[in-house]
Every structure is written in structure tokens, then in C-alpha cells.
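Single-structure report; data block below.
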Amino acid sequence: MRCGPRQDMISRNLRHLRVFTAVAELKSLTQASEKWHLSQPAVTQAINKLERETGGALFERTRGGLFLTSRGEILLRRVESAFGLLDPIIKDISPRLRISLTYAQLQALIAVSESENFTLAARRMGLAQPTVHRAVTQIEQEAARSLFERTSFGILPTRLCQALAQAARLAIYELDQADAEFAEFDGGEAGSVVIGAMPLSRSALLPRALVRFRQEFPTFTVRIIDGSYDVLLGELRRGTIDFLVGALRLPVPIGDVMQERLFDDRLALLARPDHPLAAKGAVTIDDLLAYSWVVPGQGTPTRTQFETIFTSAGKEPPRRLIECGSLLMMRGALRESDHLGCISRYQSQPECDHGLLVQLQYDTNQLLRPIGLTYRNNWRPIRPQRRMMALVAELAPAP
């Protein structure tokens, strides 16, 4: 989550958060101070600061020790998830970082690894370039190894650096989720729902779900990010998108995401209403080969199925193509020419219902394309995110 009225409610002091997990585990301020080689007053001060930031008691103090309150359990779940992401990578780089690494250093590492340039990273963070350089250098000095390769073209993150930056992004996401959960716990609102929308979902499914969502959550922030599948998947895995809506990939493209099928879509072969093939009745494969086409780009499920139409009939797929995934652009090209179009039947249905395009009579029912949700493994959505996903599922066509 990146937006909301109570962003960064919890301080991002990683040492304080580690002390908190130690107190939760050991149920003792004294034992936690010994584990982290701190004075007991320092541990007490850290816990008191976290309780002020989170809006209430994290522990119930009893003679038998300190026990988590409901508020404390919220924080522990998210902090354990954050460190569960960070610590395996930190161990591979240098166990010393578990003690010394700061949130500011992680932010600098992420910015530099993505920008591959200290000046650009500093500009992006709104900091002076020496500040960002110093933060990264401190990590490297503590780890006793270089995390970037200096080249004439810029600075390239090493494999371990990329792994740490990825873990850091998702760990920060967990802390943002904790902020939202605390706001909800206290009757407030924070955070956002960020949806990666592939073309099919943008035409009908998401608009209807968003209208319903807004009725239930009048002020909650919703962001829709358009893009190709590869770009959206990358943002999902970085934690900048909560879930994707659109065509699923079979098999699942990478092991850290899950897919949930909602329904199967089919192809539509389209033309303008007065196209020569529109009134022909049953269309043959040779009819389809006689015209130029507007089709989605290589690598998309729709393009693969489009080519299957011809290869399954023993024909070479058409070569006179305009590659375009935009239904709006496709409609414009089809209405101004004899081009034919191939796109999702579900996505194109409103265009046909309004008489803007017609579907040619050529059987594509055997070419099924699963549509659904994609999200990260072990993702724990907050209540508005869960509800948004549920609405998308409720409003999807029957399987």
C-alpha cells in the first residue's frame, strides 16, 4: 500500500521492531535486552515508542510476563513476515547486517538498484547524492563485499543485491499493510487497493466491480495500473501492485505467484458492420486469409490462439498484421478499412452490442482462455483488498 491518510504510522526503526519481536517471543524485557545486547531501559523505551505510534498497548503486563494484546498480534504478524523476507538474504550477504541495517539504507539500496545511478536515485528520493551514496557504502562496508558492479555505463546490482532489494520492497509492503490494519483496528482508514488491469478487465469487469466497491468504501483509495502482462507481473512481484485481473498464464510463469481462475473467455473475430464478410454467413479459413488483421502482440494468449486458428487448419498465419492490444485502436482501424480484428469475446461484446463492430461467423469455441486473479504467494490482504477481489469474482461471468 502506498497511499492513505495515515501512511507510515509505525516508525521504520528496524532495531525497535526486532526488539519488539524478541519481547513477544521471550515475554520479558530483561531477556530481550540480553538477546540484543541493549540496556533494559533502552528496550522499554523502544516498546513505549512503538505503542505510542500504533495507538495503544502492544503487551499486557502481568506477573507472569508480557503477553501480546490484539494490537500487538497485528504488529507481530506483519513484522515477522517482513523479517522473514529479509533475514534469509541478509544471512547470505552478512549476518552482521541483521543488527546494523536501517530502513533508510534499504530505501537507498532499492532506489540505486532500480536507477543504476546514484544521482538519479538521490533525485528520486529527494535527497542529496552524497547521502544516498553513503547509505549504500555503509551496507557494503558492514557486509565486507560489493553489492554493485561499477561500470562505464553505470552501477549494476549484483545477484545478491537484487535479491536484497526485492526482499526489502516486499518487507516495506508488509509494514505498510500493518499501518492500514492499525487504522482499521481503530475505526479509521489507510492504504489503498492497487490493481493491475489487463485489457479484458478494463472494458466491463473492473468498472462494475469498482462501482460496487465505491458504494461500500466511499473514500478508500483505489488505483488502476494499465500495462502489458510482463510489466504488471513485475510490479506485482515488487509489491507495488496488489493483484492482477485478466488472462492467466498456463503454466504459472513463476513460483512466487498464484492464479485463481474465474471464467473462460473465447476469441472474437471482428469486422465493421458493412465489411464484405459481415453478411457472408459462415466464413472459411481462406476468407480470413484474404484480409489484413489487427491483433495483439507476440507472446500474449490471444495472439497464440489467433495463430492456432490457422496452423490447426494447416495454413500459415497471416503476415499482414497491425500489432495492437487496444480495443479502441482496433475499433478505429476496423471501421476505417477492411482489416479484421481478433480480440477477447468478453472484451468486445459491448462494441458488438452497440453495433460498432460485428463478430464473424467462424467457430472459435474450442479456443478457451482462462481469466482470473493473480497475486503473490503468502499475500495477506487487508479487508478492502479482500472485498475488491471478492467483487471481481462475484461479477465475473459464470465459468
Side-chain angles (χ1 to χ4, degrees), residues 1-10 12 78 81-82 85 107 110-111 114-115 124-126 165-166 168-184 188-248 256-260 262 325-328 347 371-396:
M1 254 167 311
R2 283 57 59 190
C3 311
R6 295 180 68 183
Q7 184 83 358
D8 287 1
M9 179 168 59
I10 307 167
R12 299 308 198 245
R78 293 298 180 179
S81 291
L85 292 159
Q107 286 184 306
I110 293 169
E114 293 179 351
S115 302
R124 167 178 161 179
M125 297 179 69
Q166 172 67 354
R169 282 186 285 258
L170 295 179
I172 290 170
Y173 179 89
E174 288 296 322
L175 298 180
D176 290 345
Q177 292 280 78
D179 284 337
E181 287 190 312
F182 281 124
E184 184 177 343
E189 189 175 275
S192 63
V193 181
V194 184
I195 306 168
M198 286 172 267
L200 175 144
S201 66
R202 298 196 294 262
S203 60
L205 183 55
L206 266 181
R208 291 200 298 267
L210 288 167
V211 169
R212 288 272 300 275
F213 181 86
R214 184 53 70 223
Q215 293 170 351
E216 299 181 29
F217 297 89
T219 61
F220 199 84
T221 301
V222 180
R223 291 177 56 213
I224 307 298
I225 298 180
D226 302 337
S228 67
Y229 178 81
D230 289 341
V231 171
L232 294 178
L233 181 66
E235 294 303 308
L236 175 77
R237 297 180 64 228
R238 291 184 183 94
T240 53
I241 289 177
D242 296 315
F243 62 92
L244 309 183
V245 185
L248 305 181
D256 59 3
V257 301
M258 299 180 64
Q259 297 185 145
E260 180 180 332
L262 299 179
S326 165
L327 177 58
L328 182 63
Q347 185 182 358
I371 308 299
L373 306 170
T374 304
Y375 45 88
R376 293 182 300 281
N377 290 343
N378 304 317
W379 177 51
R380 291 200 304 271
I382 58 174
R383 187 171 67 92
Q385 293 166 348
R386 288 195 304 272
R387 184 56 182 149
M388 186 71 227
M389 290 179 68
L391 286 171
V392 170
E394 288 174 18
L395 294 170

Problem set entry | Pairwise side-chain contact, Arg238 with Gln166, heavy-atom cut-off 4.5 Å (strictly under) | yes
Seminar exercise, completed: CG (Leu85) and CG (Leu170) are apart, to the nearest 0.5 Å, by 5.5 Å
For this session: Can you see which heavy atom on Leu175 is nearest to which on Ala82, and at what distance?
Result: CD2-CB, 4.4 Å
For this session: Check the pair Ile224, Leu210 against side chain to side chain contact (heavy atoms under 4.5 Å, CB included), reporting the backbone distance first and the verdict last.
Result: CA-CA 10 Å; Ile224 307 298; Leu210 288 167; 4.1 Å; yes
Exercise. Is there a donor-acceptor contact under 3.5 Å from the side chain of Arg386 to the main chain of Pro381?
Worked result: yes
Exercise. Is the Trp379 ring parallel, tilted or perpendicular to the Phe243 ring (thresholds 30°, 60°)?
Worked result: tilted
Problem set entry | Backbone N/O of Ala197 and side chain of Ser201: donor-acceptor pair under 3.5 Å | no
Problem set entry | Check: Gln347 and Arg202 side chains under 4.5 Å, non-hydrogen atoms | no
Problem set entry | Spacing of Ser228 atom OG and Leu233 atom CG [to the nearest 0.5 Å] | 9.5 Å
For this session: Begin from the C-alpha positions of Val392 and Arg212 and carry the test side chain to side chain contact (heavy atoms under 4.5 Å, CB included) through to its verdict.
Result: CA-CA 10 Å; Val392 170; Arg212 288 272 300 275; over 6 Å; no
For this session: Say whether, by atom type as modelled, one donor and one acceptor occur between the side chain of Glu189 and the main chain of Thr221 under 3.5 angstrom.
Result: no
Exercise. Counting N and O atoms only, with roles assigned by atom type, does the side chain of Gln385 sit under 3.5 Å from a partner on the main chain of Ile382, one being a donor and the other an acceptor?
Worked result: yes
Problem set entry | Smallest separation among heavy atoms of Ala180 and Ala190, with atom names | CB-O, 3.5 Å
Problem set entry | Side-chain donor/acceptor of Gln177 to backbone N/O of Arg380, under 3.5 Å | yes
Problem set entry | Side-chain heavy atoms of Leu244 within contact of Met198, under 4.5 Å | yes
Problem set entry | Tyr375: side-chain hydrogen bond (donor to acceptor under 3.5 Å, both in side chains) partners, not counting sequence neighbours | Glu260
Problem set entry | Heavy atoms from other residues, nucleotides or ligands near CG of Asn378 exceed 12 (cutoff 6.0 Å) | no
Exercise. Between Arg387 and Glu394, is the closest basic N to carboxylate O distance under 4.0 Å?
Worked result: yes
For this session: With the side chain counted from C-beta on, respond yes when Gln107 and Arg12 share a heavy-atom pair under 4.5 Å apart, and no when they do not.
Result: no
For this session: For the residue pair Val257 and Arg237, establish whether any side-chain heavy-atom pair is separated by less than 4.5 Å.
Result: yes
Exercise. Rounded to the nearest 0.5 Å, what separation is found between the CE atom of Met258 and the CG atom of Asn377?
Worked result: 6.0 Å
For this session: Find out whether the Lys NZ or Arg CZ of Arg376 is both under 6.0 angstrom from the six-membered ring centre of Tyr173 and within 45° of the ring's axis.
Result: yes
For this session: Give, for atom CE of Met389 and atom CD1 of Ile195, the distance between the pair rounded to the nearest 0.5 Å.
Result: 9.5 Å
Problem set entry | Side-chain donor or acceptor of Asp179 paired with backbone N/O of Ile10 under 3.5 Å | yes
Seminar exercise, completed: Between Arg214 and Thr219, the two heavy atoms sitting closest are NH1-N, 3.8 Å
Exercise. Going by heavy atoms in the side chains, are Leu262 and Leu373 under 4.5 Å from each other?
Worked result: yes
Exercise. Within a strict 4.5 Å, meaning less than it, do heavy atoms of the Leu205 and Leu395 side chains meet?
Worked result: yes
Exercise. What pair of heavy atoms forms the shortest contact from Phe220 to Gly191, and how long is it?
Worked result: CZ-C, 3.7 Å
Problem set entry | Side chains of Glu181 and Arg78 in contact at under 4.5 Å (non-hydrogen atoms) | yes
For this session: Rounded to the nearest 0.5 Å, what's the gap from OG1 on Thr240 to CD1 on Ile225? Could you check?
Result: 6.0 Å
Exercise. Hey, is Glu216 close enough to Arg383 for a salt bridge, meaning N to O under 4.0 Å?
Worked result: no
For this session: Under the side chain to side chain contact (heavy atoms under 4.5 Å, CB included) rule, what do Val222 and Phe217 come out as? Steps first, then yes or no, please.
Result: CA-CA 10 Å; Val222 180; Phe217 297 89; over 6 Å; no
For this session: State the CG-CD distance between Leu248 and Gln259, to the nearest 0.5 angstrom.
Result: 4.5 Å
